[in-house]
Amino acid sequence: MTQLHSLLAAMALMAAITPVTAIADPVANPIGRITGVGGVFFRSKDPKALMAWYRDVLGIKLESWGGAVMPYDAPGHPPAVIVNAFDQATDYMDPSKREFMLNFAVDDLSAFLDRLKAKGVTVLKREDSDPSGKFAWIVDPDGTKIELWEPKPR
């Protein structure tokens with residue numbers, strides 16, 4: 001396992017065991033604080049086509065305004081969203097040239113990958129031996145690397 005995977009595994013473990021209520025504790029965290037991720041926004045040469053791909057290929061439900069709402073309290077969803085900066089020289093996001101990578105939690109990685117393959121999506125790599133769960137990587141039509149993560153059951 002690479003040092004990066006060890007770091008990701010440790011972060012995922014901490015997120016899984018840290019009570020989410022600690023974020024909302026007004027004594028430990030007074031008013032005027034970040035309470036969570038409110039969205040992920042990025043540029044695209046063809047935003048409508050890209051979001052249609054996310055809908056048609058990844059199965060993400062789009063709202064009438066064109067984006068997606070992904071609730072934190074979905075069954076089996078990890079209890080936190082990880083935010084982390086990587087060293088500029090990292091190759092972890094390759095082959096993407098974008099400065100970010102998306103990570104989506106999935107309930108059954110094998111079933112999800114079967115669906116993607118049936119739609120012609122190439123899976124770059126799959127890793128089932130990580131301590132925090134199973135991973136696979138794909139690239140969207142704009143070249144953004146997407147990490148798919150099936151967390152280990154709690």
Side-chain angles (χ1 to χ4, degrees), residues 1-44 47 50-51 53-55 57-63 65-96 98-116 121 123-140 142-154:
M1 181 183 332
T2 66
Q3 183 179 14
L4 183 57
H5 270 117
S6 297
L7 174 63
L8 290 173
M11 289 177 4
L13 178 62
M14 289 304 299
I17 62 175
T18 301
V20 176
T21 55
I23 294 171
D25 179 0
V27 175
N29 299 300
I31 291 177
R33 67 189 182 281
I34 300 288
T35 61
V37 174
V40 176
F41 308 97
F42 46 91
R43 295 179 179 167
S44 172
L50 182 63
M51 292 310 295
W53 184 87
Y54 277 69
R55 179 195 62 221
V57 176
L58 299 184
I60 294 175
K61 181 182 179 274
L62 298 183
E63 302 298 324
W65 45 270
V69 175
M70 304 178 89
Y72 284 97
D73 60 350
H77 187 278
V81 173
I82 305 301
V83 176
N84 191 24
F86 287 70
D87 185 273
Q88 184 68 31
T90 186
D91 62 357
Y92 190 71
M93 296 176 204
D94 289 353
S96 177
R98 306 288 293 257
E99 292 190 355
F100 65 93
M101 178 181 71
L102 299 173
N103 173 296
F104 292 115
V106 298
D107 59 356
D108 184 317
L109 186 60
S110 293
F112 195 77
L113 292 178
D114 287 345
R115 244 184 52 216
L116 293 179
V121 175
V123 176
L124 301 174
K125 182 179 173 185
R126 180 174 175 158
E127 173 62 54
D128 288 351
S129 62
D130 193 274
S132 62
K134 299 174 184 176
F135 290 89
W137 296 269
I138 63 171
V139 176
D140 77 11
D142 276 2
T144 304
K145 189 173 183 181
I146 298 173
E147 183 172 68
L148 304 168
W149 173 39
E150 179 185 335
K152 286 227 182 206
R154 290 197 251 166

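Atom set for the values below is all heavy atoms of this structure, side chains included, hydrogens, waters and symmetry mates excluded.
A distance of 4.0 Å separates CZ of F100 from CZ of R98, quoted to the nearest 0.5 Å. Put simply, CG on L109 and CD on E150 are 6.0 Å apart, with the number rounded to the nearest 0.5 Å. Residue S96 holds its OG atom at 12.0 Å from CD1 of I138, rounded to the nearest 0.5 Å. From D142, atom CG reaches atom OH of Y54 across 7.5 Å, with rounding to the nearest 0.5 Å. The line from CE of M51 to CG of L62 is 5.0 Å long, rounded to the nearest 0.5 Å. The line from CE of M93 to CG of L102 is 10.0 Å long, rounded to the nearest 0.5 Å.
Within the 4.5 Å cutoff, side-chain heavy atoms of R126 are placed close to those of L113. Proximity of E127 to W149: side-chain heavy atoms (C-beta onward) are nowhere separated by under 4.5 Å. Side chains of P95 and V139 form a contact here, defined as non-hydrogen atoms less than 4.5 Å apart. At least one side-chain heavy atom of D140 sits less than 4.5 Å from a side-chain heavy atom of W53. V83 has its side chain within reach of V37: a pair of non-hydrogen atoms, C-beta onward, lies under 4.5 Å apart.
Under the 3.5 Å distance criterion, the side-chain polar atoms of R115 are matched with a main-chain donor or acceptor of L58. Of the possible donor and acceptor atoms, one in the side chain of K145 sits under 3.5 Å from a partner among the backbone N and O of D94. With Q88 contributing its side chain and T90 its backbone, the two residues share no donor-acceptor pair below 3.5 Å. Without hydrogens or angle criteria, S44 side chain to L50 main chain gives no donor-acceptor distance under 3.5 Å.
The two residues V57 and V121 have their closest heavy-atom pair at CG1-CG2, 3.4 Å.
No hydrogens or angles considered: a donor-acceptor pair under 3.5 Å links the side chains of D130 and S132.
Tested against L148, the residues F135, W137, F112 include a single side chain to side chain contact (heavy atoms under 4.5 Å, CB included) partner, F112.
Residue pairs meeting the side chain to side chain donor-acceptor pair (under 3.5 Å) criterion with at least one partner in residues 69-81, sequence neighbours excluded, are absent.
In terms of the ring pair (Phe, Tyr, Trp, His ring centres under 6.0 Å) criterion, F104 has no residue partners (sequence neighbours excluded).
Counting non-hydrogen atoms of neighbouring residues, nucleotides and ligands closer than 6.0 angstrom, the CD atom of E99 reaches no more than 12 such neighbours.
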Exercise for the section: Give the C-alpha distance, both sets of side-chain angles, the deciding distance and a yes or no for side-chain contact (heavy atoms from CB on, under 4.5 Å) between V69 and K61. Expected result: CA-CA 8 Å; V69 175; K61 181 182 179 274; over 6 Å; no
